[in-house]
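Just so it is clear, the model here is predicted, and its values are computed rather than measured. Throughout, protein chains are lettered first and strands after them, A, B, ... in sequence-line order, and every chain is numbered starting at 1.
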Amino acid sequence: MRVRRQKLQRLNELGVNPYPYNFKRTEYSTNILAEPNKYIGKEVSVSGRLMAIRGMGKAAFAHLLDSKGRIQIYVRKDQIGDENFEVFNLFDIGDIIGVSGEVFETRTGETTIKAAKIELLSKNLRPLPIVKEKQEGDKKVVYHQFADKELRYRQRYVDLIVNPEVRAVFVTRSRIISSMRRYLDGRGFLEVETPVLQPIYGGASARPFVTHHNTLDMDLYLRIADELYLKRLIVGGYDGVYEISKDFRNEGMDRFHNPEFSMMELYVAFEDYHWMMLLVEEMISSIAQEVVGEMKISNQGREIDLTPPWKRVTFFDIIEEYTDKNLYGKELEDLKKAAKDLNIDVDPSWRQGKIINEIFSEKVEPNLIQPTFVTDYPIELSPLAKKHRDDPKLVERFEPFILGGEIGNAYSELNDPLDQRERFMAQKKLIELGDEEAHVLDEDFLRSLEYGMPPTAGLGIGIDRLVMLFTDQPSIRDVIFFPQMRPEDK
RNA sequence: GAGGGUAUAGCUCAGCUGGUAGAGCAGCGGCCUUUUAAGCCGUUGGCCGAGGGUUCGAAUCCCUCUACCCUCACCA
């Protein structure tokens with residue numbers, strides 16, 4: 001870094017502003033490389049970061065990286081002049097520069113810009129990790145890869161400069177979200193915003209973050225879900241509302257969990273969960289079509305076919321399929337025995353719902369590779385879902401599974417205010433028993449239901465996991481720009 | 001929270017059963033006007049994650065701490 005500061009000084013002496021105000025680019029690297037014949041012989045201006053320099057005395061080749069890709073430039077002393085060449089010799093890898101010149105093809109056939117003028121746009125003072133690549137036939141061999149995960153997450157800007165495939169993952173993420181938004185807008189749903197800071201948190205089973213408002217002198221919670229506010233909007237008379245936003249859950253972190261994560265929630269009046277299943281498979285497959293170009297995606301070496309219709313199985317049927325045990329309507333003791341038979345450890349304090357859920361996640365979930373809707377969950381697990389029309393022990397709920405992971409959650413929403421109050425009371429008992437994640441009673445939400453909420457279908461989709469699926473990334477940290485990290489020690 | 005792993009130059013890594021720190025790339029100085037992991041010659045660079053201990057002597061052995069990764073637990 002000391003050397004680079006000296007170069008800065010030298011540049012100043014030469015009358016070069018190392019941090020000028022703008023540069024007029026005429027082309028992106030990729031435009032030129034896509035149609036070389038159209039550009040050869042033409043003047044272009046490009047700008048970007050210097051990623052490699054191969055000097056040869058009075059001439060040099062270099063590679064310039066812009067937001068779309070990289071292109072080679074060729075700098076000759078007799079072309080740009082002595083003064084400009086002296087400035088060029090003060091450039092380092094990592095500098096941001098602008099180049100104007102004519103496009104040509106080198107002896108080895110690489111489309112290249114012959115610089116007529118080259119200027120510094122921003123001086124780099126901190127050396128970049130140097131990554132070298134070599135084309136061997138079809139394979140690209142990468143040398144000195146910048147691979148330290150900790151550094152990559154903490155200094156994502158460096159990761160993005162140096163690892164083009166990381167940049168691509170986040171472009172895909174953005175496309176997935178905009179495709180989803182386009183789909184939902186196209187169906188006439190209204191995108192809305194509801195409070196992040198909530199006096200009572202609700203809509204999911206999770207521990208919240210607590211914060212404090214000084215003027216009101218009260219604690220507020222960062223939302224763990226949007227659900228209860230969005231349903232209030234359905235009470236208010238909108239037919240369909242959705243929100244794409246961050247939720248916050250104060251829980252452990254691993255490759256599927258980040259304390260803040262992105263969620264899409266959708267509520268549609270006068271529909272039920274059967275209708276919502278059709279929407280989910282249509283929406284996800286249309287996103288695939290737009291983003292990937294087809295209904296098939298590959299992940300972890302496996303091919304996933306998203307073409308509707310997806311398989312549908314009921315919760316208890318699929319458990320029986322994988323365990324040979326019918327758990328429907330079983331009492332606590334029977335369930336404990338079943339869990340024991342299946343080698344699943346059960347905490348003595350667990351109740352029916354928890355044990356069944358554990359058996360499901362252990363024995364069934366990992367097997368749900370191709371898209372599958374699991375439907376009709378036991379009532380204890382779902383305090384906000386409507387009772388099944390044919391069976392009061394169940395609720396009308398489904399979860400879509402892909403690659404052994406759940407990517408969403410949906411119900412026919414409970415709109416009976418008396419039933420909802422009873423469910424809250426049952427949750428209250430769980431809280432008293434020490435369950436820190438049970439739902440908290442929300443009196444204002446109940447009041448809204450008492451005014452009358454139409455029959456409603458609701459859906460939540462975990463955006464981060466959907467992106468992991470589409471981009472074949474193994475960890476949620478690879479699809480979030482700045483994943484939560486412990487502070488760096490100084 | 002438990003177990004395992006990793007931490008050495010700007011980057012990627014080597015360093016044996018303890019003997020006083022190494023390579024490639026980058027950097028710096030030369031040579032070089034079609035190279036592409038450019039090449040050739042020369043050269044700088046290190047609190048070996050932090051702290052403590054054992055030892056004549058520690059990057060190496062022991063303990064503590066910190067961060068990250070993996071697995072499990074908790075958890076959508």
Side-chain angles (χ1 to χ4, degrees), chain A residues 1-4 6-7 51-63 70-80 85 89 92-94 104-112 114-115 124-136 140-155 158-159 162-163 203-207 224-225 247 249-259 261 263 345 347 354 357-358 360-362 365 381-382 399-401 405-409 435-437 460-462 464-465 474-478 483-490:
Chain A
M1 275 179 71
R2 201 176 55 240
V3 178
R4 301 211 174 183
Q6 286 165 2
K7 286 186 182 176
M51 296 304 283
I53 304 173
R54 294 178 291 279
M56 287 171 300
K58 297 191 182 63
F61 286 92
H63 267 102
R70 53 166 68 200
I71 189 163
Q72 181 169 259
I73 59 172
Y74 180 42
V75 182
R76 289 171 61 115
K77 194 175 186 180
D78 60 8
Q79 287 272 329
I80 66 170
F85 198 75
N89 275 327
D92 291 298
I93 290 174
F104 76 110
E105 193 173 274
T106 62
R107 192 178 291 164
T108 51
E110 178 163 353
T111 305
T112 300
K114 187 181 287 179
N124 164 299
L125 294 179
R126 199 179 276 274
L128 227 46
I130 306 297
V131 176
K132 302 215 171 189
E133 295 169 356
K134 185 185 182 181
Q135 204 73 32
E136 272 185 2
K140 195 163 80 174
V141 190
V142 179
Y143 298 83
H144 309 295
Q145 174 76 273
F146 175 61
D148 184 310
K149 283 194 176 177
E150 181 175 356
L151 279 177
R152 287 183 41 216
Y153 297 148
R154 285 192 195 280
Q155 301 185 40
V158 177
D159 194 23
V162 151
N163 293 324
S205 304
R207 277 141 66 189
I224 58 172
D247 289 347
R249 298 187 186 175
N250 207 338
E251 291 160 354
M253 298 155 57
D254 58 35
R255 67 197 183 91
F256 294 109
H257 301 264
N258 195 63
F261 62 100
M263 185 89 144
D345 291 332
D347 187 293
K354 182 85 177 155
N357 198 34
E358 190 64 20
F360 177 80
S361 22
E362 280 292 314
E365 263 193 55
L381 291 173
S382 319
E399 295 190 309
F401 287 87
E406 160 229 14
I407 60 156
N409 187 14
D435 185 343
E436 291 183 80
E437 279 132 18
I461 296 278
D464 308 283
R465 291 184 186 174
S475 168
I476 197 168
R477 295 185 198 104
D478 295 316
Q484 200 60 49
M485 303 285 273
R486 286 198 170 78
E488 287 179 85
D489 55 336
K490 254 310 204 162

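RNA chain B is contacted by both A/G55 and A/E365; A/G55 maps to the nucleotide lying nearer its 5′ end (nearest heavy atom per residue). Closest-nucleotide positions on RNA chain B for A/F104 and A/A52 were compared, and the one nearer the 5' end corresponds to A/F104.
In this structure, CE of A/M51 is placed 14 Å from C1' of B/C25, rounded to the nearest angstrom. Computed from coordinates, the A/I71 CD1 to B/U35 C1' distance equals 15 Å when rounded to whole Å. In this structure, CZ of A/R152 is placed 17 Å from C1' of B/A67, rounded to the nearest angstrom. A/I130 has its CD1 atom 9 Å from the C1' atom of B/G27, to the nearest Å. Between the C1' atom of B/A37 and the CD atom of A/E133 lies a distance of 10 Å, rounded to the nearest Å. Taking atom CD1 of A/I93 as the reference point, atom C1' of B/C25 lies 10 Å away to the nearest angstrom. Remark: P of B/C68 and CD of A/Q155 are 14 Å apart, rounded to the nearest angstrom. Look at CG on A/D254: it is 15 Å from C1' on B/A2, rounded to the nearest Å.
In this structure, A/A147 reaches the sugar-phosphate backbone alone: every heavy-atom distance under 4.0 Å involves primed, P, OP1 or OP2 atoms, never a base. The residue A/L151 sits close only to the backbone: its heavy atoms come under 4.0 Å of sugar-phosphate atoms, none of a base.
For B/U35, the base has no donor-acceptor partner in the side chain of A/E110 [N/O atoms by modelled type, under 3.5 angstrom].
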Q: Show the numbers, then the answer: is there a side chain to side chain contact (heavy atoms under 4.5 Å, CB included) between A/I93 and A/I53?
A: CA-CA 7 Å; A/I93 290 174; A/I53 304 173; 4.2 Å; yes
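A/R255 is not listed as a side-chain neighbour of A/I476, based on a closest heavy-atom distance of 4.5 Å or more.
Both distances falling under 3.5 Å, in either a Watson-Crick or a G-U wobble arrangement, occur for no nucleotide opposite B/G57. In this entry B/G39 has B/C31 as its Watson-Crick or G-U wobble partner, both defining distances falling under 3.5 Å. Nucleotide B/C48 forms no Watson-Crick or G-U wobble pair with any nucleotide shown, as no partner meets the under 3.5 Å limit on both distances. As the counterpart of B/U20, no nucleotide is assigned, since no Watson-Crick or G-U wobble pattern has both distances under 3.5 Å. Shown here, B/C25 forms a base pair with B/G10; the pair counts as Watson-Crick or G-U wobble because both key distances fall under 3.5 Å. Judged by Watson-Crick or G-U wobble contacts below 3.5 Å, the nucleotide B/G3 has B/C70 as its partner. In this entry B/C75 has no Watson-Crick or G-U wobble partner, no candidate having both defining distances under 3.5 Å.
Comparing atom distances between the A/K114 side chain and each of B/U33, B/C75, B/U34 picks out B/U34 as nearest. Residue A/E362 has its side chain nearest to B/A73 when only B/A73, B/U33, B/C68 are considered. For A/K149, the listed nucleotide lying nearest its side chain is B/C70; candidates were B/C28, B/U33, B/C70. Side-chain atoms of A/V3 lie closest to B/G27 of the nucleotides B/A67, B/G27, B/U35. Picking from B/C69, B/U34, B/C75 the nucleotide with the shortest atom distance to the side chain of A/R477 gives B/C69. If you check B/A67, B/U34, B/C28 against the side chain of A/D92, the one that comes closest is B/C28. Comparing B/C32, B/C69, B/C75 by their closest approach to the side chain of A/E437 singles out B/C75.
With P as the reference atom, B/C61 and B/G15 are 12 Å apart, rounded to whole Å. Rounded to the nearest Å, the gap between the P atom of B/G39 and that of B/A26 is 7 Å. Using atom P as the reference point in both B/U35 and B/G10, the two lie 34 Å apart (nearest Å). A distance of about 25 Å separates the P atoms of B/G45 and B/A7, rounded to the whole Å. Taking atom P in both B/C11 and B/G27, the straight-line distance is 15 Å, to the nearest Å. Taking the P atom of each, B/A23 and B/A14 are spaced 16 Å apart, rounded to whole Å.
No salt bridge links A/D78 with A/K58; every basic N to acidic carboxylate O contact stays at or beyond 4.0 Å.
Taking only side-chain nitrogens and oxygens, A/R107 comes nearer than 4.0 Å to OP1 or OP2 of B/U35. For A/K132 and B/G24, the shortest distance from a side-chain N or O to OP1 or OP2 is not below 4.0 Å. The side chain of A/R76 places no N or O atom within less than 4.0 Å of a non-bridging phosphate oxygen (OP1 or OP2) of B/U33. Between A/R486 and B/C68 there is a side-chain N or O to OP1 or OP2 distance below 4.0 Å. Residue A/R54 places no side-chain N or O under 4.0 Å from the OP1 or OP2 atom of B/C32. In this model, the phosphate group of B/U71 is approached by a side-chain N or O of A/R255 to a distance below 4.0 Å at OP1 or OP2.
Between the side chain of A/N258 and the main chain of A/Q484, a donor-acceptor pair closer than 3.5 Å is present. Remark: side-chain polar atoms of A/R249 are not paired, donor with acceptor, to backbone N or O of A/P259 under 3.5 angstrom.
The side-chain tip of A/K114 does not point at the ring of A/Y74 from less than 6.0 angstrom away and within 45° of straight on.
Atom CD of residue A/E150 and atom CD of residue A/Q155 lie 10.0 Å apart, to the nearest 0.5 angstrom. For the atom pair CZ (A/R486) and CZ (A/R154), the distance works out to 9.5 Å, reported to the nearest 0.5 Å.
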